[in-house]
Amino acid sequence: MSESLAPYASAPQRGRGRRVPEPDDGARNAYQRDRDRVIHSSAFRRLVYKTQVFINHEGDLFRTRLTHSLEVAQLARSAARRLHLHEDLVEAIALAHDLGHTPFGHAGQDALNAAWRALGLQTVALDLQGFEHNLQSLRVVDKLELRYTAFDGLNLCFETREGILKHCAARHARVLEAHEPGGVGARFLHGGQPSLEAQLCNLADEIAYCTHDIDDGLRSALLAAEVLWPLELWQRACRQAQLAPQGAHTRRELYMVLRALLSLLVHDLVSHTQAQLQQHAPANTQAVRAGPALVGFSPPVAQGLQQLKSVLMQHLYRHPQVSHSMAQGQRVVQDLFGAYLQGALPMPDGQPVTPRGVTDYIAGMTDRFALREHERLTGQRIFDA
Ligand code: MG
């Protein structure tokens, strides 16, 4: 693969390395090792029982965070090959990108933030307050996975960690920066882009969830096909699949359309990015980090995706049934937070009974483990799992 790597791609031998230096493996490059460490982590295995949109027990065919992460890795990897970027790095980032998600999707994150607000803690310098799932993914690989005697976490390469930290609030970036000056938090304070591989994973994530949420939404019958008909991207995908954009599609026809949608998004991403790379011609990864974002969709497709996302927001993510499940999930997380902090439920040995310790513990839970703990606390079963 290294022969076909572009000058602006991340090459492990030119990377910034690991926080704790380790000897080379000999057989695998540094990003392959990172990918393998992610796959063998406990947090990765738990993704199978974490909600993407639908609570885990609502159906066996819906995406979970694990299948979502695999789809992101597949999309990112095939686009990386066409762009001559480092495939192993995008795979490592994609597989790790959602490790920090709480049970019950974004509802869990909202509940943890509400719990922190309720504590009314004063902002203490150099202390993480509240919860952000991207930052939590980084905490998982930097601190929370305990598999080595020499260090906490998985000791991943800078480039993998940079890609995992997709967004970060400035107050959290300042904490990161204090512990690791010029590290992965710096760009959220001083500007700058991450590697092209990180930029690519970000958009592969968007392609994956937009297309698979249509599939899951239609399958669950919470999303009505008619709301998709007026969408420019839906119409283009139907034309490519040689099907009428309106009217009931059979299951097979629907897959024809979804496949066309997926491939038109990936194709647009690759061709627009190729044009951008040709125009800006970054000489190396330093030039990539100092320049504008180069991985992207063409303006009409970017606009079409925005329309699609707002339809999904309005009709699926805010559907009363989804909102109801999420509100229950929020209650579970908030109840658990109080119970661990006040000692009504025991924390595992060695886990600090502090807001941060409790947050880390809850964030690591699967949906079903959180529900079991909640039942232990209240004697009530929230969902019929
Ligand atoms: Mg994701």
Side-chain angles (χ1 to χ4, degrees), residues 1-12 15 29 31-32 34-35 38-39 63 66-98 134 157 159-160 162-167 193-215 233 236-237 240 257-282 284-285 287-289 291-306 308-309:
M1 181 172 55
S2 54
E3 309 75 88
S4 67
L5 216 53
Y8 39 72
S10 303
N29 71 56
Y31 302 144
Q32 278 178 298
D34 281 7
R35 177 207 53 205
V38 169
I39 288 182
R63 266 68 172 188
L66 180 67
T67 51
H68 163 72
S69 301
L70 295 173
E71 290 180 31
V72 176
Q74 178 270 317
L75 290 168
R77 201 168 170 136
S78 67
R81 182 172 299 195
R82 288 163 68 185
L83 293 166
H84 303 285
L85 300 177
H86 205 289
E87 289 181 48
D88 298 322
L89 177 57
V90 297
E91 194 176 15
I93 296 170
L95 292 177
H97 87 282
D98 271 353
N134 291 301
C157 297
E159 293 74 24
T160 309
E162 170 196 55
I164 291 172
L165 194 64
K166 184 162 72 172
H167 303 292
Q193 304 299 329
S195 70
L196 294 167
E197 285 83 356
Q199 295 179 37
L200 175 58
C201 286
N202 200 354
L203 296 182
D205 187 19
E206 232 173 87
I207 295 177
Y209 75 72
C210 284
T211 51
H212 68 48
D213 288 352
I214 295 177
D215 185 13
L233 280 180
R236 273 183 67 180
Q240 258 184 41
V257 180
L258 286 173
R259 191 160 43 242
L261 179 62
L262 203 57
S263 70
L264 88 80
L265 290 172
V266 173
H267 184 75
D268 183 84
L269 178 72
V270 169
S271 55
H272 183 73
T273 303
Q274 276 168 340
Q276 296 262 89
L277 287 168
Q278 229 162 41
Q279 191 194 331
H280 292 267
N284 49 38
T285 53
V288 165
R289 288 190 172 84
L294 294 178
V295 180
F297 299 104
S298 66
V301 167
Q303 203 188 342
L305 257 180
Q306 278 312 318
L308 171 58
K309 283 196 274 188

Problem - Qualifying residues under salt bridge (charged side-chain N to carboxylate O under 4.0 Å, His left out), relative to E91, sequence neighbours excluded - result: R35, R77

Handout entry: Over 12 foreign heavy atoms within 6.0 Å of CZ, R82
Key = yes

Practice task
Determine whether more than 12 heavy atoms belonging to other residues, nucleotides or ligands lie under 6.0 Å from atom NE2 of H267.
Solution key: no

Exercise for the section: Compute whether any side-chain donor of one residue and acceptor of the other, for S69 and D98, lie under 3.5 angstrom apart. Expected result: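 Absent: no donor and acceptor within the cut-off.
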
How close do [X] and [Y] get, counting heavy atoms only, and between which atoms?
{"X": "E162", "Y": "P194", "value": "OE2-CA, 3.4 Å"}
{"X": "H167", "Y": "N134", "value": "O-CB, 3.5 Å"}
{"X": "L5", "Y": "A11", "value": "CD2-CB, 3.9 Å"}
{"X": "V38", "Y": "A92", "value": "CG2-O, 4.3 Å"}
{"X": "G296", "Y": "L203", "value": "CA-CD1, 3.6 Å"}
{"X": "A198", "Y": "G163", "value": "CB-CA, 3.6 Å"}

Exercise for the section: Starting from the C-alpha separation in whole Å, work towards a yes-or-no answer on side-chain contact (heavy atoms from CB on, under 4.5 Å) for Q74 and S78. Expected result: CA-CA 6 Å; Q74 178 270 317; S78 67; 3.9 Å; yes

Practice task
Please report the C-alpha distance between Q274 and H84 in whole Å, then the side-chain angles of each, then the deciding distance to 0.1 Å, and finally whether the side-chain contact (heavy atoms from CB on, under 4.5 Å) criterion is met.
Solution key: CA-CA 10 Å; Q274 276 168 340; H84 303 285; over 6 Å; no

Within a strict 4.5 Å, meaning less than it, do heavy atoms of the [X] and [Y] side chains meet?
{"X": "L83", "Y": "Y8", "answer": "no"}
{"X": "H212", "Y": "T67", "answer": "no"}
{"X": "L277", "Y": "P282", "answer": "yes"}
{"X": "L265", "Y": "L233", "answer": "yes"}
{"X": "C201", "Y": "H97", "answer": "no"}
{"X": "S263", "Y": "R259", "answer": "no"}
{"X": "N202", "Y": "Q199", "answer": "no"}
{"X": "R289", "Y": "S195", "answer": "yes"}

Exercise for the section: Say whether, by atom type as modelled, one donor and one acceptor occur between the side chain of E197 and the main chain of L89 under 3.5 angstrom. Expected result: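 No: the side chain of E197 does not pair with the backbone of L89.
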
Problem - Within residues 198-208 or reaching into it, pairs that qualify as salt bridge (Lys or Arg N to Asp or Glu O under 4.0 Å) - sequence neighbours excluded - result: K166-D205, E206-K309

Nearest 0.5 Å, what's the [atom1]-[atom2] distance between [X] and [Y]?
{"X": "T273", "Y": "D268", "atom1": "OG1", "atom2": "CG", "value": "8.5 Å"}
{"X": "L294", "Y": "L200", "atom1": "CG", "atom2": "CG", "value": "12.0 Å"}
{"X": "L262", "Y": "C210", "atom1": "CG", "atom2": "SG", "value": "10.5 Å"}
{"X": "I164", "Y": "I93", "atom1": "CD1", "atom2": "CD1", "value": "7.5 Å"}
{"X": "L66", "Y": "L95", "atom1": "CG", "atom2": "CG", "value": "8.5 Å"}
{"X": "N29", "Y": "D88", "atom1": "CG", "atom2": "CG", "value": "5.0 Å"}

Handout entry: L269/L75 under side-chain contact (heavy atoms from CB on, under 4.5 Å): CA gap, chis, key distance, verdict
Key = CA-CA 11 Å; L269 178 72; L75 290 168; over 6 Å; no

Practice task
Begin from the C-alpha positions of H272 and V301 and carry the test side-chain contact (heavy atoms from CB on, under 4.5 Å) through to its verdict.
Solution key: CA-CA 10 Å; H272 183 73; V301 167; over 6 Å; no

Handout entry: Option from H86, E159, E87 for which side chain to side chain donor-acceptor pair (under 3.5 Å) with Y31 holds
Key = E159

